[in-house]
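Worksheet: one structure, shown below.
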Amino acid sequence: MRRFVEWAQNEVVVVPDFHNRILFSDEAHFWLNGYVNKQNCRIWSEANLQVYVETPLHPEKLTVWCALWAGGILLQKR
């Protein structure tokens, strides 16, 4: 952390509007079915191991990406 602060202080000396060039971003995934399922199928019967219920490998989801910078907020939904 100290190295980052020292680097940022040096950048401010070289580039006076350095703070205007910083962009923070992150993304989050929201599953529409309310459940995260990482398996393709599950066995529901001990009597007949051939009986299984298929579930989607990748359930429907909404991905939200957001960035904050001196110019405002950027938001994208996929």
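Just so we're clear, the structure is a prediction, and the values are computed from it rather than from any experiment.
Taken together through direct or relayed side-chain contacts under 4.5 Å among Ile, Leu, Val, Met, Phe, Trp and Tyr, Phe18 and Phe4 form part of one hydrophobic cluster. When hydrophobic clusters are built by joining Ile, Leu, Val, Met, Phe, Trp and Tyr residues whose side-chain heavy atoms come closer than 4.5 Å, directly or via intermediates, Val14 is grouped together with Val12. Neither Val5 nor Val13 shares a network with the other; the hydrophobic side chains, linked directly or stepwise wherever heavy atoms of I, L, V, M, F, W or Y lie under 4.5 Å apart, form separate groups for each. Under the 4.5 Å side-chain heavy-atom criterion for Ile, Leu, Val, Met, Phe, Trp and Tyr, Trp7 and Val15 are members of the same hydrophobic cluster.
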Inset, instruction - Before giving the answer on side-chain contact (heavy atoms from CB on, under 4.5 Å), spell out for Cys66 and Leu74 the whole-Å C-alpha distance, their side-chain angles and the decisive distance to 0.1 Å. - result: CA-CA 6 Å; Cys66 182; Leu74 304 172; over 6 Å; no

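With Asn20 as the fixed residue, the side chain to side chain contact (heavy atoms under 4.5 Å, CB included) test singles out one of Asp17, Leu23, Ile22: Asp17.
The CD atom of Glu11 sits 11.5 Å away from atom CD of Gln9, with the distance rounded to the nearest 0.5 Å. With rounding to the nearest 0.5 angstrom, the CD atom of Glu6 is 9.5 Å from the CZ atom of Arg3.
Enclosure of atom CG in Leu75 by more than 12 non-hydrogen atoms of other residues, nucleotides or ligands within 6.0 angstrom is indicated. More than 12 heavy atoms of other residues, nucleotides or ligands lie within 6.0 Å of CH2 in Trp65, so this atom counts as buried by the packing criterion.
Taking every heavy atom of both residues into account, Val64 and Lys77 meet most closely at CG2-CG, 4.3 Å.
Proximity of Glu27 to Thr63: side-chain heavy atoms (C-beta onward) are separated by under 4.5 Å at one or more points.
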